[in-house]
Amino acid sequence: MGEAKRTQYSVHDSADGKYSQKQMSLSQASALSFGGTANLGHAAPALRQALLTWYGEQGRDLPWRRSRDPYAIWISEIMLQQTQVKTVMPYYQRWLKLFPTVADLAKADQQTVLKAWEGLGYYARARNLHKTAQLIVKQHDGVFPEVFEDAIALPGIGRTTAGGILSAAYNQPVAILDGNVKRVLARLVALPKPPAKAMKELWQLSEQLLDPQHPRDFNQAIMDLGATLCTRHRPSCLLCPWQSYCTAYRQNLQSELPMTESRAPLPHKQIGVAVIHDNDGRILIDRRKQEGLLGGLWEFPGGKIEPNESFEECVKREIKEELDIDIEVNDRLITVDHAYSHFKVTLNVFNCTHISGEPKPIECDEIKWVTLDEIDSYPFPKANGQIIDAIKEQAKG
DNA sequence: CATTCGTGGGT
DNA sequence: TACCCAAGAAT
């Protein structure tokens, strides 16, 4: 190789700035020839063997792995969607004590289910768990379905989750493609594009590699590999059972892969929020509609500020529109900044006094006046926790 | 195929 | 600090 091999250029098309800017040499870039089905068929047996041996020695001891109960495994798979193991652990343990069986979950009311989920985020997962539990009781004799087509037809269960459950609970040879597997495979073949742009190829790879003799352990093992060694930052390649098979490692690209797509900055919204007090020491809360953001959870009413509007005007207007009552807007209680997955908010929270009118659920499902003792039994979004703390603090002092 | 869905942790 | 990302699914 001559001088050309050190030629620096962006692998990505910087013209549209879509991919993050990372530099690599021409020889490295030319090695990124993966397109379509990778030729890993011949190496699959050796890859399986190396991975399973490593898993036997270094695999994580996780509570749901000690169980073969499809219900418990299902719960864990849903909780683990876009959520780290460490975060899930306490929720998982509490959940199984609250709802030990599918039947227990099915007969619970949604508020109890959402309260158990409170703080985990992506609340459609909890609503779908509840719905699906009732479906399993009614349509599947109370047992999580063993047929892939039946499983993936259930609310909240996609291809990866179905594969995760069927392989873990029933040892079925069904492939998975979660964040860990995507990253591991992207490095293994030095995938020359963001995983999101190569889903078909990655699924093929996952299916091709899956050990038909040990699907349960293989799927768990490849996830462990991604979670503990083949991490996003500073991967431990020297300890990796796939080191000698890994194209990224061979090309010293492990820190550059997988490729990422840069995202537009999140929009920021200013929200006016009302903590409405009545004359009996109660506060008004409302339950959000089932669909959309934070569906089914409780909140303090309010809404987005309009151009050339003060926070006080915003709060008074929103409360009139949403509840059809008149209030007096008093002092600012607290200001809460919070980031959701696709936008940021500042909650400008004001103490308010109920003046007149019976509140109507115009843009929500339900309204309640609650005391500070009762409020803890309602599921609230994370950002509202600070507001509740501030109200309690205010009541003390 | 792109967007909408939470929250906590890491850099 | 600000941004990225984590055992994804639904629309």
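Take the nearest nucleotide of DNA chain C for W64(A) and for P155(A): the residue whose nucleotide is more 5' is W64(A). Nearest-nucleotide mapping onto DNA chain C: of L154(A) and R60(A), the residue sitting toward the 5' end is R60(A).
Chain A approaches DNA chain C over the interval dC3(C) to dA10(C), counting the first and last nucleotide 5' to 3' with an atom under 4.0 Å from its heavy atoms.
Looking at residues two or more places apart in sequence or on another chain, you find a ring-ring contact (aromatic ring centres under 6.0 Å, His included) between W95(A) and F99(A), W117(A). With sequence neighbours excluded, no residue forms a ring-ring contact (aromatic ring centres under 6.0 Å, His included) with Y245(A). Take F148(A) and apply the ring-ring contact (aromatic ring centres under 6.0 Å, His included) test, not counting sequence neighbours, and it matches no residue. By the side chain to side chain donor-acceptor pair (under 3.5 Å) test, D337(A) pairs with T346(A), sequence neighbours left out. Taking the ring-ring contact (aromatic ring centres under 6.0 Å, His included) definition, one finds that Y249(A) meets it with nothing, sequence neighbours left out.
Taking the P atoms as reference points, dT3(B) lies 16 Å from dC5(C), given to the whole Å. The same atom, P, is picked in dT11(C) and in dG6(B); the two are 14 Å apart, to the nearest Å. Comparing dA7(C) with dT11(B), their P atoms are spaced 14 Å from each other, to the whole Å.
Within 4.0 Å (heavy atoms only), G156(A) reaches sugar-phosphate atoms of the nucleic acid but no base atom. Here K344(A) lies in heavy-atom contact (under 4.0 Å) with sugar-phosphate atoms only.
Applying the ring pair (Phe, Tyr, Trp, His ring centres under 6.0 Å) test to pairs two or more places apart or on separate chains, those with a residue in residues 255-306 of chain A are W298(A)-Y378(A), F300(A)-F380(A).
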Donor-acceptor pairs under 3.5 angstrom involving side-chain atoms of residues 161-170 of chain A: please list them, not counting sequence neighbours.
from, atom 1, to, atom 2, distance (Å)
T161(A), OG1, Q81(A), NE2, 2.9
S167(A), OG, G163(A), O, 2.7
S167(A), OG, G164(A), O, 3.3
S167(A), OG, N219(A), ND2, 3.1
Y170(A), OH, F144(A), O, 2.7

Per-nucleotide protein contact string for nucleotides 3-11 of chain B, where B marks a base within reach and S marks sugar-phosphate only (heavy atoms under 4.0 Å, - for neither)
-SBBBSS--

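Residues H342(A) and Y340(A) keep their aromatic ring centres 6.0 Å or farther apart.
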